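Worksheet: one structure, shown below.
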Amino acid sequence: MANQVEPGLIPVLFEELQSERFVTLSTVDHESGGPNVNAVSWIFAKDEETVLFTVNQKSKIVENIKKNALAVINLIANESTYSISGKAEVEQEHLEGVPLKLTLIKLEINEVRDVMFYGSKISTEPTYVKTYDKAAADRLDRQVIEAMKKV
């Protein structure tokens, strides 16, 4: 049985990407030409065809995307694993309205593919805990997501 492929985010995935969550991002390494994978949490679906995410301005991700726009976001949600692929570009070199030096990146979605192996489902989604000041982390998370929503 073939995995489902959609041209954009299905409603349940759009809803999952309305707040901070754990995803992995794959880009093409600008030095080696090989794959580069990073964990990202500041992510927001602007609409069914566009995902925004932020990274530190000095992150290798920024240079990778400037050299090669192809990117894939791996999302575990809805009891499955999804590959959200498309072309990424730097939307804002410095995300306005936040105290950190963050770059805002926009991914224009080409396809969303359910990549879960046959006959299985995710029983527990990944969770994480911020290891620094919880109040400061919560405040920063709100600032970043609100700034992304304004774009």
Side-chain angles (χ1 to χ4, degrees), residues 6 8-32 34-110 112-116 120-151:
E6 301 289 342
L9 296 172
I10 60 175
V12 68
L13 298 183
F14 177 80
E15 287 303 318
E16 291 287 344
L17 293 174
Q18 291 303 293
S19 60
E20 177 189 7
R21 66 171 298 122
F22 174 85
V23 300
T24 57
L25 170 72
S26 299
T27 58
V28 179
D29 188 289
H30 72 277
E31 295 172 321
S32 71
N36 182 266
V37 179
N38 294 90
V40 176
S41 65
W42 288 323
I43 186 163
F44 174 72
K46 183 175 182 175
D47 53 46
E48 289 80 7
E49 293 84 33
T50 313
V51 175
L52 304 172
F53 58 92
T54 60
V55 297
N56 185 291
Q57 285 180 342
K58 294 181 181 180
S59 172
K60 190 173 191 173
I61 295 167
V62 177
E63 194 62 31
N64 288 351
I65 287 171
K66 287 180 178 179
K67 301 283 185 198
N68 187 327
L70 297 177
V72 176
I73 294 169
N74 176 261
L75 170 65
I76 297 173
N78 194 36
E79 297 184 334
S80 196
T81 303
Y82 296 87
S83 171
I84 304 167
S85 61
K87 291 192 176 181
E89 66 178 308
V90 172
E91 184 76 5
Q92 286 183 10
E93 290 284 345
H94 179 75
L95 180 62
E96 298 171 18
V98 294
L100 296 180
K101 293 181 179 181
L102 300 176
T103 295
L104 178 69
I105 299 171
K106 174 176 71 173
L107 179 79
E108 292 291 338
I109 298 171
N110 289 336
V112 177
R113 183 179 296 267
D114 182 335
V115 295
M116 192 67 194
S120 62
K121 69 179 183 177
I122 298 293
S123 59
T124 305
E125 293 183 16
T127 59
Y128 59 94
V129 176
K130 302 279 175 91
T131 57
Y132 54 101
D133 182 305
K134 174 138 177 56
D138 290 345
R139 184 173 52 254
L140 180 60
D141 292 343
R142 281 191 307 276
Q143 289 174 322
V144 171
I145 296 298
E146 287 306 312
M148 291 170 64
K149 287 179 179 181
K150 292 178 184 176
V151 174

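Start at 1 with the first residue, then count along the sequence. Computed from a predicted model, the values in this text were never measured in an experiment.
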side-chain contact (heavy atoms from CB on, under 4.5 Å) evaluation trace for Glu15 with Val12: CA-CA 5 Å; Glu15 287 303 318; Val12 68; 5.7 Å; no
Are Glu91 and Lys46 ion-paired here, with the side-chain N under 4.0 Å from a carboxylate O? no
Is there side-chain contact between Leu104 and Met148, with at least one heavy-atom pair below 4.5 Å? yes
NZ of Lys60 to OG1 of Thr27: how many Å apart, nearest 0.5 Å? 8.5 Å
Please name the pair of heavy atoms, one in Gly8 and one in Ile109, separated by the smallest distance, quoted to 0.1 Å. CA-CG2, 4.2 Å
Approximate separation, where rounding is to 0.5 Å, of Gln57 CD and Thr103 OG1: 4.5 Å
State, to 0.1 Å, how close Leu25 and Ala71 come at their nearest heavy-atom pair, and which atoms those are. CD1-CB, 4.2 Å
Would you tell me whether Asn56 and Ser59 have side-chain atoms, one donor and one acceptor, within less than 3.5 Å of each other? no
Hey, are the side chains of Glu63 and Glu31 touching, using non-hydrogen atoms and a 4.5 Å cut-off? no
State, with a plain yes or no, whether a side-chain heavy atom of Arg113 is found less than 4.5 Å away from one of Tyr82. no
Does a side-chain heavy-atom distance below 4.5 Å link Phe53 with Leu17? no
Does Thr50 reach the side chain of Glu108, with side-chain heavy atoms less than 4.5 Å apart? yes
Considering only NZ, NE, NH1 and NH2 on the basic side and carboxylate oxygens on the acidic side, decide whether Arg142 and Asp138 come within less than 4.0 Å. no
Minimal heavy-atom distance between Phe14 and Ala45, with the atoms involved, is CE1-O, 3.6 Å
How close do Gly86 and Asn110 get, heavy atom to heavy atom, and via which atoms? CA-ND2, 3.6 Å
Any donor and acceptor pair, going by atom type alone, linking the side chain of Asn78 with main-chain N or O of Ser80 inside 3.5 Å? no
Check Glu96 with Lys150, please: is the shortest side-chain N to carboxylate O separation under 4.0 Å? no
Taking all non-hydrogen atoms of both residues, which atom of Leu9 and which atom of Asp47 are closest, and how far apart? CD1-O, 3.8 Å
Between the side chains of Lys149 and Glu146, is the shortest nitrogen-to-carboxylate-oxygen separation below 4.0 Å, so that they form an ion pair? yes
Does the side chain of Lys121 reach to within under 4.5 Å of the side chain of Met116, using non-hydrogen atoms? no
NZ of Lys106 to CD1 of Ile65: how many Å apart, nearest 0.5 Å? 12.5 Å
Counting C-beta onward and ignoring hydrogens, is there a side-chain heavy-atom pair between Ile10 and Val112 closer than 4.5 Å? no
Of all the heavy-atom pairs spanning Val144 and Leu102, show the shortest one and how long it is. CG2-CD1, 3.7 Å
Just verifying a value: how many Å separate Ile76 CD1 and Arg21 CZ, rounded to the nearest 0.5 Å? 8.5 Å
Candidate list Lys101, Lys66, Lys58, test salt bridge (charged side-chain N to carboxylate O under 4.0 Å, His left out), partner Glu93, passing option: Lys66
Spatial distance of atom CD1 (Ile43) from atom CZ (Phe22) [nearest 0.5 Å]: 11.0 Å
Flag side-chain contact, heavy atom, 4.5 Å: Asp141 against Trp42: yes
Nearest 0.5 Å, what's the CG-OG1 distance between Leu75 and Thr81? 8.5 Å
